[in-house]
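Remember, predicted model here, so these are calculated numbers, not experimental data. To find a chain, count down the sequence lines: A is the first, B the second, and so on, and within it residues start at 1.
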Number of protein chains: 4
Amino acid sequence: MARTAGSHGPKTLEAINRAGLRLIYEHGFEAMSLRQLAAEVGIQVGSLYNHIRTKQDLLFGLLQSHMETLLAALDQALAGESGPERRLAAFAAFHVDYHIVRKEEVFICYSELRSLTPEQYPVIVDLRRHYERRLIDILEDGARAGCFAVADAAVTAYGILALLTGVCTWFRPGGRMSAADVAALYTDMALKSVKI
Amino acid sequence: MARTAGSHGPKTLEAINRAGLRLIYEHGFEAMSLRQLAAEVGIQVGSLYNHIRTKQDLLFGLLQSHMETLLAALDQALAGESGPERRLAAFAAFHVDYHIVRKEEVFICYSELRSLTPEQYPVIVDLRRHYERRLIDILEDGARAGCFAVADAAVTAYGILALLTGVCTWFRPGGRMSAADVAALYTDMALKSVKI
Amino acid sequence: MARTAGSHGPKTLEAINRAGLRLIYEHGFEAMSLRQLAAEVGIQVGSLYNHIRTKQDLLFGLLQSHMETLLAALDQALAGESGPERRLAAFAAFHVDYHIVRKEEVFICYSELRSLTPEQYPVIVDLRRHYERRLIDILEDGARAGCFAVADAAVTAYGILALLTGVCTWFRPGGRMSAADVAALYTDMALKSVKI
Amino acid sequence: MARTAGSHGPKTLEAINRAGLRLIYEHGFEAMSLRQLAAEVGIQVGSLYNHIRTKQDLLFGLLQSHMETLLAALDQALAGESGPERRLAAFAAFHVDYHIVRKEEVFICYSELRSLTPEQYPVIVDLRRHYERRLIDILEDGARAGCFAVADAAVTAYGILALLTGVCTWFRPGGRMSAADVAALYTDMALKSVKI
DNA sequence: GATGAATGAGCATTCATTCAT
DNA sequence: AATGAATGAATGCTCATTCAT
């Protein structure tokens with residue numbers, strides 16, 4: 001009796017990715033079992049292997065596609081903005097917003113780096129470096145233009161990124177502040193932190 | 001042939017804690033096996049159970065003793081300081097410094113919260129809240145005194161904590177900046193981020 | 001995209017048999033997977049079942065058709081020969097030659113008997129007995145005619161068969177001796193082994 | 001509840017080896033499952049791993065210790081014999097006898113060579129070559145002494161070995177001939193096969 | 001005749017934990 | 001306090017086979 005209702009083809013892969021993301025976020029990659037995943041998707045364990053090559057590859061695919069989507073979204077967000085201050089504000093607002101909306105992806109992309117193989121690891125870290133580079137560039141431009149006080153652009157960027165990223169560990173929708181409020185507050189803090 | 005070198009008495013527990021910390025930091029709690037741990041310590045797996053009750057308890061003990069040490073150290077660091085600005089600076093400098101020196105403990109205390117049982121979890125989270133509370137108090141004092149611009153003391157505190165904590169994911173001794181340099185830079189950024 | 005090159009019609013079955021033979025010879029029946037086989041043939045696993053009923057049947061078919069071909073070839077080789085000595089020599093030369101040329105079939109026919117079902121097993125073993133019978137008859141004729149010294153025709157036949165069959169485990173074309181050299185040497189040894 | 005009655009320490013390893021040998025002989029290495037093996041021994045599957053490193057290593061250990069025992073036994077059997085004819089007769093009688101008594105070890109040592117890893121394979125094959133070398137030496141000595149007709153000592157040796165080894169595929173105790181009868185018959189055939 | 005996705009059983013191996021010695 | 005052997009459950013993965021398309 002092959003083929004259960006409602007689970008054919010690429011929809012299954014989508015479902016696997018969605019459920020995989022949630023389970024890794026919730027329990028961690030090591031702690032998530034393919035049995036859990038299969039149950040969530042509504043198929044047998046063995047059937048997973050019609051869609052993924054290994055558990056390891058599932059993780060890598062998730063991280064890679066997250067990083068690529070993130071980078072593309074950032075570039076779009078920065079597209080219209082010019083001037084270091086406006087660009088920094090746009091970066092901060094975008095980052096907070098994205099990290100609230102996609103907190104699962106963002107979280108596992110930080111926490112599961114160590115679960116990658118030696119081959120996969122540098123690929124993701126490199127994509128991350130591209131992302132960080134955008135912020136470092138903004139800070140360096142601002143420093144040259146004399147509008148930011150930046151002792152070390154990279155270290156400052158890591159600080160700002162950490163400040164903005166923290167949001168995905170504590171923010172819960174429906175709390176005291178809206179996502180927009182938080183974005184505004186943190187954008188303000190980020191800007192002030194590099195003020196002359 | 002009982003008793004291999006280096007494994008007698010209370011020293012063994014110490015060795016277990018030290019090795020456990022390192023292994024959890026490196027591979028994550030779920031991914032670390034007691035077999036690895038025993039091998040690292042130089043005893044057989046079964047012997048671990050003369051020193052710990054369960055794997056779970058090992059984790060809890062590590063996190064709990066870390067949080068208690070951290071809190072005590074913070075109180076000592078803030079002891080002589082008065083005035084919101086000086087207290088905030090002292091907090092920031094202490095936090096960065098501690099998070100560089102004890103990065104393993106700090107890291108697993110963030111990343112392995114989810115591996116705790118429902119009974120253990122609130123104990124650690126509560127200790128953490130005490131730590132955060134110190135910073136929130138400083139910010140609220142500063143806001144009341146009119147020297148800090150703080151829209152929401154808790155959210156601002158989370159931001160500053162994230163900014164300062166980030167250090168333990170990227171700092172490597174021997175890099176471009178010394179620990180003291182980084183502490184100074186991040187203290188400055190933290191102070192400016194709440195400037196009026 | 002149905003139908004990849006090289007996989008239409010009855011040619012596919014041929015390709016399956018050829019690849020199956022090679023894979024069983026190389027890895028053993030149990031160790032060969034239908035996935036490997038399908039990949040070798042250039043079709044999907046499911047498609048195999050348009051040509052074979054089960055993996056088990058593939059093995060049986062291979063062994064059965066091998067044994068039938070072998071028997072027919074033997075009868076042809078013995079056709080013109082008369083007299084125990086000439087018939088024994090003809091048998092030995094044929095056996096060595098065939099076992100060099102078709103060593104895969106021969107090998108799996110010995111080694112995979114145990115992978116047959118209780119229904120299939122006696123069919124193949126019976127065909128084998130027919131083959132052995134030819135040699136036993138020659139030996140008994142020779143004994144009766146007083147030209148062979150044979151204590152027990154069956155046991156002697158098993159010995160000669162083993163001697164001649166061994167060739168398929170070590171013979172490599174291009175070695176010190178040609179196939180014809182080996183056939184001559186072993187024929188000679190077989191004849192001498194039953195000399196009065 | 002650790003430790004079931006009757007299964008402690010090195011006795012368990014012995015039991016594993018004994019049962020492993022039987023199961024590999026019966027079903028082949030690939031087809032034997034560690035579940036079967038554990039059941040046979042009367043322990044849980046996981047407990048096997050207190051005694052063997054992997055399934056693969058079990059096979060290797062069996063083959064290696066068989067070959068070493070075989071070699072030692074051969075040397076002992078040849079110890080007192082001198083002269084090519086007497087030595088060949090001693091070799092043949094020993095070989096047949098050993099291959100009847102230890103047919104399981106002998107059989108799997110032939111049939112499971114292909115299940116060895118690339119590292120294990122040459123170790124066993126090398127031991128085998130040492131064994132074959134003993135026979136080749138005898139034949140070469142005999143040829144030099146003018147008492148054997150040997151066109152190619154190695155190829156002749158392979159033939160004789162095959163002739164003698166065959167016994168382990170068909171001999172059943174209690175049949176028409178005793179082990180001693182078969183040994184005598186095959187020793188005679190082997191000697192005659194190289195007669196001048 | 002071929003495909004791709006499914007099934008369910010099975011595999012070798014690892015794990016935390018227990019306990020007689 | 002340490003060992004070594006046991007347990008039983010779990011893990012990631014593979015397999016022969018089925019079948020709607």
J.: With sugar-phosphate meaning primed atoms plus P, OP1 and OP2, does Ser33(A) contact a base, only sugar-phosphate, or nothing at under 4.0 Å between heavy atoms?
T.: sugar-phosphate
J.: Which one, dA16(E), dA12(E), dA2(E), comes nearest to the side chain of Asn50(C)?
T.: dA2(E)
J.: Examine distances only and state if a side-chain atom of Glu112(D) and a backbone atom of Phe29(D) form a donor-acceptor pair shorter than 3.5 Å.
T.: yes
J.: Taking Lys55(C) for the side chain and Ser33(C) for the main chain, is one N or O donor matched with an acceptor at less than 3.5 Å?
T.: no
J.: Between Thr12(B) and dA1(F), does any side-chain N or O lie under 4.0 Å from OP1 or OP2?
T.: no
J.: Going by distance alone, is a donor N or O of one side chain under 3.5 Å from an acceptor N or O of the other, for Thr117(A) and Glu119(A)?
T.: yes
J.: Using only side-chain N and O atoms of Gln44(A), determine if any of them is under 4.0 Å from OP1 or OP2 of dG8(E).
T.: yes
J.: Want to settle it: does Arg53(D) or Gly46(A) sit nearer the 5' end of DNA chain E, counting the closest nucleotide to each?
T.: Gly46(A)
J.: Tell me whether the OP1 or OP2 atom of dG4(F) has a side-chain N or O from His51(D) closer than 4.0 Å.
T.: no
J.: For Leu13(D) and dA5(F), what is the distance between atoms CG and P respectively, to the nearest whole Å?
T.: 9 Å
J.: Under 3.5 Å for both donor-acceptor distances, Watson-Crick or wobble: does dA1(F) have a partner, and if so which one?
T.: none
J.: Against the six-membered ring of Tyr110(C), is Arg128(C) placed for a cation-pi contact (under 6.0 Å from the centre, within 45° of the normal)?
T.: yes
J.: Report the nucleotide, chosen from dC13(F), dT13(E), dA6(E), that has the shortest atom-to-atom distance to any side-chain atom of Arg35(C).
T.: dA6(E)
J.: Calculate the interatomic distance between Leu58(B) atom CG and dA16(E) atom P; express it in whole Å.
T.: 11 Å
J.: Please report, rounded to the nearest Å, how far the C1' atom of dA1(F) is from the CD atom of Glu14(B).
T.: 16 Å
J.: Under 4.0 Å from OP1 or OP2 of dA5(E): is there any side-chain N or O of Ser47(A) that close?
T.: no
